[in-house]
Amino acid sequence: MLDSTETSLLEVSELNTRFYTRRGVVRAVNDVSFDVKTGSLVGIVGETGCGKSATVRSILGLIRPPGKVISGTVFFDGDDLLTLPSKQLRRLRGARIGFVAQHPWGALNPILKIRDQFRNVITAHRTANSDECYEMALEMLQNVEISGPERVLNGYAHELSGGMAQRVVIAMAMILDPKLVVADEPTTALDVTVQRQILDLMKTLITEEGRSMLLVTHDLGVVAQYCDSVVVMYAGKVVERALCLMYSLIPLIHIRKH
Ligand SMILES: Nc1ncnc2c1ncn2[C@@H]1O[C@H](COP(=O)(O)OP(=O)(O)O)[C@@H](O)[C@H]1O
Ligand SMILES: [Mg+2]
């Protein structure tokens with residue numbers, strides 16, 4: 001552990017996830033342990049295929065066959081997510097943990113107006129009428145600095161650019177005020193010019209409200225600029241944990257080359 005003086009919001013221990021494929025067993029997550037302190041931004045970095053997505057999907061209970069979480073504990077705010085009944089886990093996702101995936105299109109419904117998608121997210125977790133949902137969504141879209149928020153709410157996903165769609169997804173992930181936001185390469189699918197704007201925005205929204213974030217990326221520059229600490233993965237394992245200070249990035253760069 002890097003610093004055990006602050007409380008952990010998320011504590012992952014000895015997590016193991018396998019994919020049972022026809023070609024054999026893929027040990028996608030291998031004894032992975034790390035934690036996210038309250039109010040901190042933690043990066044998970046590593047090359048494609050090293051198990052970053054499998055790790056966050058395991059934490060969120062989103063691994064589907066042929067995959068299976070076979071052992072480990074994931075403590076979040078007092079609950080072991082791996083033993084929580086699926087109904088309770090679904091309630092927790094969205095309300096106490098927000099998830100932002102790589103492709104905004106996968107998270108948005110193409111045939112529902114954006115306002116109705118916000119309403120579905122909100123009413124899945126609390127009682128609110130249509131007007132209240134609209135007002136909440138409008139305020140959140142203003143927070144993510146989207147231009148023409150009313151037009152966006154009354155339109156459909158296909159009318160949005162990639163950057164705008166990801167802002168909508170971020171707004172949906174944060175509308176119920178989650179303590180933790182998990183973002184899996186949230187800007188990889190976007191133009192380079194938009195990437196930094198979105199990351200700046202996420203960092204502001206997270207730190208202003210005292211939330212925590214687990215940010216998956218393959219970009220060490222992003223980790224250095226946005227995260228407090230980093231978990232480096234290689235072939236399903238954690239090979240390095242470090243605070244994001246300049247000196248601690250030197251061994252990381254070294255690892256990346258080998
Ligand atoms: N649904 C799946 N079926 C079989 N193997 C999978 C599946 N999802 C991921 N894997 C394998 O698990 C490993 C880790 O993948 P992933 O977590 O997606 O990597 P990353 O997000 O770091 O790029 C890879 O070897 C990948 O091929
Ligand atoms: Mg991935």
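Note that this is a predicted model, so its numbers are computed, not measured. Counting starts at 1 for both ligands and their atoms, following the listed order.
- Residues Arg211 and Asp177 are paired through a salt bridge, judged by an N-O separation under 4.0 Å between the basic side chain and the carboxylate.
- In summary, an N, O or S atom of Ser53 is located under 2.8 Å from the Mg ion (ligand 2).
- The 12-atom threshold is exceeded at CZ of Arg96, counting heavy atoms of other residues, nucleotides or ligands nearer than 6.0 Å.
- Within the 4.0 angstrom cut-off, atom 22 (O) of ligand 1 has one or more protein heavy-atom neighbours.
- Scanning the protein for heavy atoms near atom 12 (O) of ligand 1, the closest one is Ala28 CB, 3.4 Å.
- Annotation for Arg196: atom CZ counts as buried by contact number, over 12 foreign heavy atoms lying within 6.0 Å.
- The protein atom (non-hydrogen) at minimum distance from atom 17 (O) of ligand 1 is Ala54 N, 2.8 Å.
- Residue contact annotation: Gly67 has no non-hydrogen atom under 4.0 Å from ligand 1.
- Between Gly51 and ligand 1, at least one N/O pair is under 3.5 Å apart.
- Near Thr21, the atoms of ligand 1 lying under 4.0 angstrom from a non-hydrogen atom of the residue are 4 (C).
- Distance OH/Tyr226 to CG/Asp219: 9.5 Å, rounded to 0.5 Å.
- For atom 3 (N) of ligand 1, the closest non-hydrogen atom on the protein side is Phe19 CD2, 3.5 Å.
- Expressed to the nearest 0.5 Å, how far CD1 of Ile114 lies from CG of Leu160 amounts to 5.0 Å.
- For ligand 1, the atoms lying closer than 4.0 Å to a non-hydrogen atom of Gly49 are 13 (C), 14 (C), 19 (O), 20 (P), 22 (O), 23 (O), 24 (C), 25 (O).
- Between Asp77 and Lys179 a salt bridge is recorded (basic side-chain N to carboxylate O distance below 4.0 Å).
- Ranking the protein heavy atoms by distance from atom 27 (O) of ligand 1 puts Val26 CG1, 5.0 Å first.
- Residue Gln142 qualifies as enclosed at atom CD: its count of foreign heavy atoms under 6.0 Å is above 12.
- Val25 and Tyr20 get closest at one heavy-atom pair: CG2-CD2, 3.7 Å.
- Within ligand 1, counting atoms from 1 as listed, the ones closer than 4.0 Å to a heavy atom of Thr48 are 23 (O).
- In terms of polar-atom proximity, defined here as any N/O pair under 3.5 Å, Ser53 does make such a contact with ligand 1.
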